[in-house]
Amino acid sequence: MGAAMRRIHVGNALSAFGLGFTVPYLYVYVAQVRGLGAMTAGLVLAVFAVAALVVLPFAGRAIVRRGPLPVLLTALLTAAVGALTLGISGSAATVLMSASLLGAGQAVMQPALATMIVDCSSAETRSRAFAMQFFLQNLGLGVGGLIGGHLVDTSSAASFTLLFAIEAAMFLLLVVVMATVRMPHAPRIEGPPASARGGWKQLLGNRAMVQLCVLGFVLFFACYGQFESGLSAYGVEAAGISTSALGTALAANTLMIVVAQFAVLRFVERRRRSRVIAAVGLIWAVAWAVAGYAGLGHGSQEMATAAFVSTYALFGLGEAMLSPTVAPLVADLAPEGMAGQYNSAFALVKQLALAVGPAVGGPLGASLHAPYIVAFLVFSLGITVLAMRLGRQLTDVQDQPWLERSRVVARGGAPVSADV
């Protein structure tokens with residue numbers, strides 16, 4: 001890795017560490033510590049999603065026109081202000097305003113950092129760069145959540161103020177780190193603001209990208225959108241999973257990603273991207289079947305708990321396979337200079353899935369246990385079908401990026417003697 005890429009990875013780790021500090025405790029902080037009630041706490045969580053949906057369509061064009069670094073620095077400063085004011089807010093209005101700033105800043109960080117990785121990597125190194133990003137994000141979230149859990153005290157608002165202040169400090173430290181990054185030259189699209197409409201039209205005209213966005217929505221809806229809503233509700237209501245076992249399941253997911261990421265990378269690097277994604281759909285189908293056994297089977301409580309923890313671990317294995325596959329594919333589908341627009345569009349799809357997923361999965365998982373499992377098992381098999389259809393839209397190099405490297409080596413190699 002070059003110096004720029006090392007700083008980008010440090011930035012990913014710091015941002016994830018800061019988020020891990022506060023996100024798990026946001027509901028408790030608003031509803032109980034500030035005494036604003038469950039309704040306001042629910043609105044705060046909704047504001048995060050709404051803020052992301054509002055800013056992401058504009059973020060892509062800003063990254064294309066101004067470059068990812070200025071956009072990232074603006075997002076970090078916005079998130080720092082949001083975190084700091086959220087820690088001292090005492091009314092519903094100020095809490096919601098602060099949450100909107102924090103949510104908007106967090107949302108823009110993702111495509112900006114992804115575009116910086118694209119600009120600082122080649123087709124040969126991109127998969128490893130995104131695998132490292134995903135690894136550090138999960139490690140940062142896990143460590144941040146662990147440390148934050150030991151700092152918070154629900155009887156003391158000051159402990160939460162400290163928590164949000166540390167998160168703001170992480171974002172400001174990240175501003176300092178990222179301000180030192182020297183980005184390589186990357187193509188920028190110049191033109192009047194009205195040309196943004198043409199950028200979206202061009203993206204929507206890219207059939208492979210549209211199919212990838214549909215596939216991405218199903219991926220995030222069937223996995224991430226269920227972790228802390230439908231699947232956890234199903235585990236508690238149908239399988240009798242305790243809160244401590246639920247925490248163990250979440251830890252198993254993170255541990256699987258941290259342990260398996262680079263071993264999985266060696267496996268997927270030389271395989272078609274579409275088939276890797278298709279395999280993830282099959283793995284997640286098995287995960288949902290195991291979850292079905294946990295809640296609908298007639299085994300012991302210990303067996304149900306083990307099956308439920310295994311479900312989260314299987315999801316982690318699939319996530320580790322996706323990280324070096326999907327994000328580099330988005331970059332490879334983008335025309336020259338349009339990576340920011342494509343990254344933002346895919347981030348927008350992700351946010352939509354994360355907003356819809358809990359709303360659909362939560363009630364199903366809590367009350368309609370068998371239909372819930374069957375529905376999401378079918379969604380997982382749908383991932384496999386969509387991935388195979390996507391493969392027919394990709395060029396050989398987009399689906400098998402190592403082919404380009406092989407061609408470069410073949411063209412640049414010394415001629416072989418006829419006597420050999």
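For clarity, every value in this text was computed on a predicted model and none was experimentally measured.
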Report the residues that fulfil ring pair (Phe, Tyr, Trp, His ring centres under 6.0 Å) with Tyr29, sequence neighbours left out, ordered by chain and then residue number.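 Per chain and number, Tyr29 pairs via ring pair (Phe, Tyr, Trp, His ring centres under 6.0 Å) with Phe160, Phe164.
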The criterion is ring pair (Phe, Tyr, Trp, His ring centres under 6.0 Å); which residues satisfy it with Phe379, sequence neighbours excluded?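 For Phe379 the ring pair (Phe, Tyr, Trp, His ring centres under 6.0 Å) partners, ignoring immediate neighbours, are Phe221, Phe376.
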Please walk me through it: do Phe130 and Thr325 pass side chain to side chain contact (heavy atoms under 4.5 Å, CB included)? CA-CA 8 Å; Phe130 277 105; Thr325 305; over 6 Å; no
Can you see which heavy atom on [X] is nearest to which on [Y], and at what distance?
X: Ser100; Y: Met97; result: OG-O, 2.5 Å
X: Gly90; Y: Arg34; result: CA-CD, 4.4 Å
X: Ala16; Y: Leu136; result: CB-O, 4.4 Å
X: Pro324; Y: Ala131; result: CB-CB, 4.1 Å
X: Pro363; Y: Ser367; result: O-OG, 2.8 Å
X: Ala179; Y: Leu73; result: N-CD2, 4.2 Å

Let me confirm one number: the [atom1]-[atom2] distance from [X] to [Y], rounded to the nearest 0.5 Å.
X: Leu84; Y: Ser98; atom1: CG; atom2: OG; value: 9.0 Å
X: Gln106; Y: Thr78; atom1: CD; atom2: OG1; value: 11.5 Å
X: Ser380; Y: Ile383; atom1: OG; atom2: CD1; value: 5.0 Å
X: Gln351; Y: Leu53; atom1: CD; atom2: CG; value: 6.5 Å
X: Leu72; Y: Leu174; atom1: CG; atom2: CG; value: 6.0 Å
X: Leu354; Y: Phe48; atom1: CG; atom2: CZ; value: 13.0 Å

Using side chain to side chain contact (heavy atoms under 4.5 Å, CB included), reason through Ile373 and His369 one step at a time and then give a plain yes or no. CA-CA 6 Å; Ile373 293 297; His369 303 144; 5.9 Å; no
Should [X] and [Y] count as side-chain neighbours, where that means a heavy-atom distance under 4.5 Å?
X: Cys223; Y: Phe315; answer: yes
X: Asp332; Y: Arg126; answer: yes
X: Leu381; Y: Leu282; answer: yes
X: Phe171; Y: Leu102; answer: yes
X: Leu394; Y: Gln400; answer: no
X: Leu77; Y: Leu172; answer: yes
X: Leu212; Y: Leu329; answer: yes
X: Thr94; Y: Thr85; answer: no

Could you tell me whether a side-chain N or O of [X] sits under 3.5 Å from a main-chain N or O of [Y], the two making a donor and an acceptor?
X: Gln261; Y: Ala320; result: yes
X: Ser344; Y: Gln341; result: no
X: Arg207; Y: Gln393; result: no
X: Arg273; Y: Gln398; result: yes
X: Asn12; Y: Ile8; result: yes
X: Arg266; Y: Phe262; result: no
X: Gln133; Y: His9; result: no

Under 3.5 Å, is there a donor on one side chain and an acceptor on the other for Gln110 and Asn343?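 The criterion, which ignores hydrogens and geometry beyond distance, is not satisfied for Asn343 and Gln110.
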Could you verify whether a donor N or O on one side chain and an acceptor N or O on the other, from Thr180 and Arg7, lie under 3.5 Å apart?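 Short answer, yes.
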Aromatic contact, Trp288 with Tyr234 (centres under 6.0 Å):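 Between Trp288 and Tyr234, the centre distance exceeds or equals 6.0 Å.
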Check the pair Leu69 / Met178 against side chain to side chain contact (heavy atoms under 4.5 Å, CB included), numbers first and verdict last. CA-CA 8 Å; Leu69 185 55; Met178 301 310 291; 4.1 Å; yes
For a side chain to side chain contact (heavy atoms under 4.5 Å, CB included) check, start with the C-alpha distance between Val258 and Thr254, then their side-chain angles and the critical distance, and finish with the verdict. CA-CA 6 Å; Val258 170; Thr254 301; 4.3 Å; yes
Please determine which of Ile88, Ile166, Leu86 meets the side-chain contact (heavy atoms from CB on, under 4.5 Å) test together with Thr161.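 Testing each of Ile88, Ile166, Leu86 against Thr161, the sole residue satisfying side-chain contact (heavy atoms from CB on, under 4.5 Å) is Ile88.
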Measure from NZ or CZ of Arg271 to the centre of the six-membered ring of Phe267, then state whether that distance is under 6.0 Å and the direction lies within 45° of the axis.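 Cation-pi check for Arg271 and Phe267: passes.
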Would Phe308 and Tyr312 satisfy ring pair (Phe, Tyr, Trp, His ring centres under 6.0 Å), going step by step from the backbone distance to the final call? CA-CA 7 Å; Phe308 193 74; Tyr312 275 78; 5.3 Å; yes
State plainly whether the residues Arg275 and Asp399 are in salt-bridge range, i.e. N to O under 4.0 Å.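 Salt bridge flag = no for Asp399 with Arg275.
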